[in-house]
Amino acid sequence: MKRDDIRFELKHEVLKLVAEHTFNDSMTMDAFEQIPFQVIPGITPRFRCCVYKEREIIRQRTRLALGMIPIPRDNHEHINMNEHIIQVIPAACEGCPINRFQVTENCQNCMQKACQKACAFGAITITPRGAYIDQTKCKECGRCADSCPYHAIADLMRPCKRSCDVAAIEIGGNKLAHIDSNKCIACGHCVQACPFGAISDISYITKVIEAIKDPNVVTVAIPAPAVEGQFGPNATVGRVKTALKQLGFDYVYEVALGGDLVSMHEAKELIENKENGRKMTTSCCPGFVNLIRKHYPQLMEYVSTTVSPMQANYRYIQQKHPGAFVVFIGPCIAKKYESEMMKAPDVVMTFEELNAIFDARHINPEDCDEDINPDATSYGRRFSGAGGVAASVVKAAAECGVNDVKTKPCSGVKECKVALAMLKAGKLPEDIIEGMACDGGCIAGPGSVAQLPQLKQARLKKVKGKDNDSIGDMLKNMDALDVDMVRESFDMPERDDFILTDHVHVLLNNNK
């Protein structure tokens, strides 16, 4: 299955080729050099100025697929490269307008000259052809655009910057986008927003494939609740579980089980806080947690100390299969960031990456048999959508005898910021904030494959008519009542190289 978007189709082809070479032990330097020619054959450019630029972009994408940054840190162009999980591909970041506000042909050269009067920096002059903006003086305040009666001044803010609600993207002197890791919450919205596909996440699929191939390694896949419908309308979570076993995983557990664990533990934590008159927030979404850590640090005391469903599943699995190699699979790029922070699980993959691996091995989840063994309740599976965590915590609280819990579900960074501002001001009426960095919840994550309407429909089918599920009974049936659910720390090793220290791949050096 492919996403109906040429940006992601090219990424898919690169990931697929890297997966094939890794499975076949053929990822040599020659193979690495051939991938750009396989993806971009011929001499006629399709998307860029020339075929050579197109191939350079594919080469940089191939480095990302191998777990490396797009170009070496000591590159000859002296481009500043950080080692954040989200990377700007230098060769691809070149098509956006540099000057944000520009006068269009709609300018009527009117007598009012409202734009000139609105500019406090003297950046606008009136010429016989109309208004002119001196970009050396423009401060991008936007007053000229707001004042023009003809809407003749266009706001051409780069889509990546517009998508970032925490102002983590800057445009450097080399006219390339740069991500400030001190502000970035790793939500991945810029990855979705860039029309040129110039921003992407680092992939660790080679580590996954190598673990699957190793007969001495026990591998466990833990797909997120948003898996339902990702690989086709008929690709249920049961069929995806079968497909993962066909791929080579020894065991598969739904992260929805971790959702049930979180619901019960967070409900008990909430009840205790409620009795003491304290507010709190959820801690499931790493993008939301990063938002608080980096932009509202004074509110960290309100964040739930309960681990995320991913961490809960990892701890559960380590009890059942000590030393197992655990791979989280979901729609979230920020989970890669969380895995570094918590040093678990071993690898995080997106559905997008799993899709490429399925294609490399000719596995179609829609054609697989249904695994009917339930791992979790419908409440655990509701974690995939906005409001699902809140509904699950309310259910767990009711099972604990408390029925008056008030929740504040927040869908997207903007809503989260409003709720956090209310909490900071002491004006939050609800007991708990459910924070989801993506609009619509996890199913809208940047690592998804299917379109949002399909995922919403699949999710509704999965949870519909199951309000009588018992979270407590499920945890008892799964022998999961004694899992340690307390997060040890929210500290993050904020150093430039923390992301790639343990992950830089050496295949090319070993297989020259």
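Thr377 and Asp260 share a donor-acceptor pair across their side chains, judged by distance under 3.5 Å alone. A donor and an acceptor atom, one from each side chain of Glu430 and Thr407, are nowhere located under 3.5 Å apart. Side-chain contact, Gln87 with Ser200: no donor N or O sits under 3.5 Å from an acceptor N or O. Between the side chains of Thr236 and Glu228, no donor-acceptor pair is found at a separation under 3.5 Å. Remark: the Glu338 side chain and the Ser308 side chain contain an N/O donor-acceptor pair separated by less than 3.5 Å.
The pair Lys274-Asp431 counts as a salt bridge, with a side-chain nitrogen and a carboxylate oxygen less than 4.0 angstrom apart. The residues Arg239 and Asp371 are annotated as not salt-bridged, no charged nitrogen and carboxylate oxygen being separated by less than 4.0 angstrom. Taking the charged nitrogens against the carboxylate oxygens, Glu170 and Lys161 have no contact shorter than 4.0 Å, which rules out a salt bridge. Of the charged side-chain nitrogens involved, none lies within less than 4.0 Å of a carboxylate oxygen, so that Lys408 and Glu415 do not count as a salt-bridged pair. Contact check on Glu399 versus Lys395 returns a salt bridge, with a Lys/Arg side-chain nitrogen under 4.0 Å from an Asp/Glu carboxylate oxygen. Note on Lys241 versus Asp375: salt bridge recorded, some NZ/NE/NH1/NH2 to OD/OE distance being below 4.0 Å.
Partners of Lys183 by side-chain hydrogen bond (donor to acceptor under 3.5 Å, both in side chains), not counting sequence neighbours: none found. With sequence neighbours left out, the salt bridge (Lys or Arg N to Asp or Glu O under 4.0 Å) criterion links Arg487 to no other residue. The salt bridge (Lys or Arg N to Asp or Glu O under 4.0 Å) search around Arg143 returns none, not counting sequence neighbours. Applying the side-chain hydrogen bond (donor to acceptor under 3.5 Å, both in side chains) test to Arg7 and every residue at least two apart in sequence or in another chain returns Asp5.
Contact check for Pro90 versus Pro70: side-chain heavy atoms found under the 4.5 Å cut-off. Side-chain contact between Ile433 and Phe288: present, with at least one pair of heavy atoms (C-beta onward) separated by less than 4.5 Å. Counting only heavy atoms from C-beta outward, the side chains of Tyr251 and Val218 approach each other to under 4.5 Å. Looking at heavy atoms from C-beta onward, Arg382 lies out of side-chain contact with Val389 at the 4.5 angstrom threshold. Phe351 places a side-chain heavy atom less than 4.5 Å from the side chain of Phe231. Looking at Ser392 and Phe383, their side chains come closer than 4.5 Å, going by heavy atoms from C-beta outward.
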Step by step, work out the side-chain contact (heavy atoms from CB on, under 4.5 Å) result for Ile179 and Ile199. CA-CA 10 Å; Ile179 299 173; Ile199 306 179; 4.3 Å; yes
Show your working on side-chain contact (heavy atoms from CB on, under 4.5 Å) between Lys268 and Cys400 and close with a plain yes or no. CA-CA 8 Å; Lys268 293 177 180 177; Cys400 294; 4.2 Å; yes
Test side-chain contact (heavy atoms from CB on, under 4.5 Å) on Val303 and Met300; report intermediate values, then the result. CA-CA 5 Å; Val303 179; Met300 282 301 299; 4.2 Å; yes
Dump the intermediate steps for side-chain contact (heavy atoms from CB on, under 4.5 Å) on Asn273 and Ile271, then the final yes or no. CA-CA 5 Å; Asn273 280 324; Ile271 291 169; over 6 Å; no
Candidate pair Ser378 and Asp469, rule side chain to side chain donor-acceptor pair (under 3.5 Å), full reasoning: CA-CA 7 Å; Ser378 62; Asp469 277 358; 3.0 Å; yes
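Under the 30°/60° scheme for interplanar angles, the aromatic rings of Tyr337 and His84 are found to be tilted.
Interatomic distance, Arg158 CZ to Ser163 OG, rounded to the nearest 0.5 Å: 12.5 Å. Annotation: the span from Ile357 atom CD1 to Leu247 atom CG amounts to 6.5 Å, rounded to 0.5 Å. To the nearest 0.5 Å, atom SG of residue Cys93 and atom CZ of residue Phe196 are 9.5 Å apart. Atoms SG and CG, on Cys285 and Asn290 in that order, are 8.5 Å from each other to the nearest 0.5 Å. The OH atom of Tyr302 lies 10.0 Å from the CG atom of Leu428; values are rounded to the nearest 0.5 Å. Taking SG from Cys442 and CE from Met436, the interatomic distance works out to 4.5 Å, rounded to the nearest 0.5 Å.
With Arg278 as reference, Glu301 is the one residue of Glu301, Glu272, Glu269 to meet the salt bridge (charged side-chain N to carboxylate O under 4.0 Å, His left out) rule. Results of the side chain to side chain contact (heavy atoms under 4.5 Å, CB included) test with Cys416 over Leu291, Asp165, Ile292 single out Leu291 as the only residue that passes.
Between the side chain of Asp214 and the main chain of Glu210, no donor-acceptor pair closer than 3.5 Å is present. Proximity of a side-chain donor or acceptor of Lys294 to a complementary backbone N or O of Cys184 within less than 3.5 Å is detected. Formation of a donor-acceptor pair under 3.5 Å by the Lys336 side chain with backbone atoms of Ile202 is found in this model. Judged purely by atom type and a 3.5 angstrom limit, Asp484 uses its side chain to pair as donor or acceptor with the backbone of Val486. Judged by distance alone, with hydrogens and angles left aside, the side-chain atoms of Thr242 form a donor-acceptor pair with the main-chain N or O of Asp369 at under 3.5 Å. Side-chain atoms of Ser263 come within 3.5 Å of backbone atoms of Gly259 as a donor-acceptor pair (strictly under, hydrogens ignored). Judged purely by atom type and a 3.5 angstrom limit, Glu353 uses its side chain to pair as donor or acceptor with the backbone of Thr350. Using modelled atom types, no side-chain atom of Lys476 and backbone atom of Ile471 make a donor-acceptor pair closer than 3.5 Å. One N or O on the side chain of Gln230 and one on the backbone of Ala226 form a donor-acceptor pair closer than 3.5 Å. Side chain of Asp180 to backbone of Ile169: no donor-acceptor contact under 3.5 angstrom is found.
Residue pairs satisfying the side chain to side chain donor-acceptor pair (under 3.5 Å) criterion with at least one member in residues 432-445, sequence neighbours excluded, are absent. Contacts classified as side chain to side chain donor-acceptor pair (under 3.5 Å) and involving residues 316-332 (residues at least two apart or in different chains) are given here: Tyr253-His321, Lys320-Asp479.
Few gaps surround CG on Leu481; more than 12 heavy atoms of other groups in view lie less than 6.0 Å from it.
Of all heavy-atom pairs between Val405 and Ala397, the closest is CG2-CB, 3.9 Å. Heavy atoms only, all atoms of each residue included: Ala186 and Ile86 are closest at CA-CD1, 3.8 Å. For the pair Val326 and Pro345, the tightest heavy-atom approach, listed with the atom from each and the gap, is O-CB, 3.5 Å. Looking at every heavy atom in both residues, Leu15 comes nearest to Ser203 through CD2-OG, 3.8 Å. Of all the heavy atoms in Ile69 and Arg73, the pair that sits closest is CD1-CG, 3.5 Å. Considering all non-hydrogen atoms of both residues, Pro429 and Met422 come closest at CD-CE, 3.7 Å.
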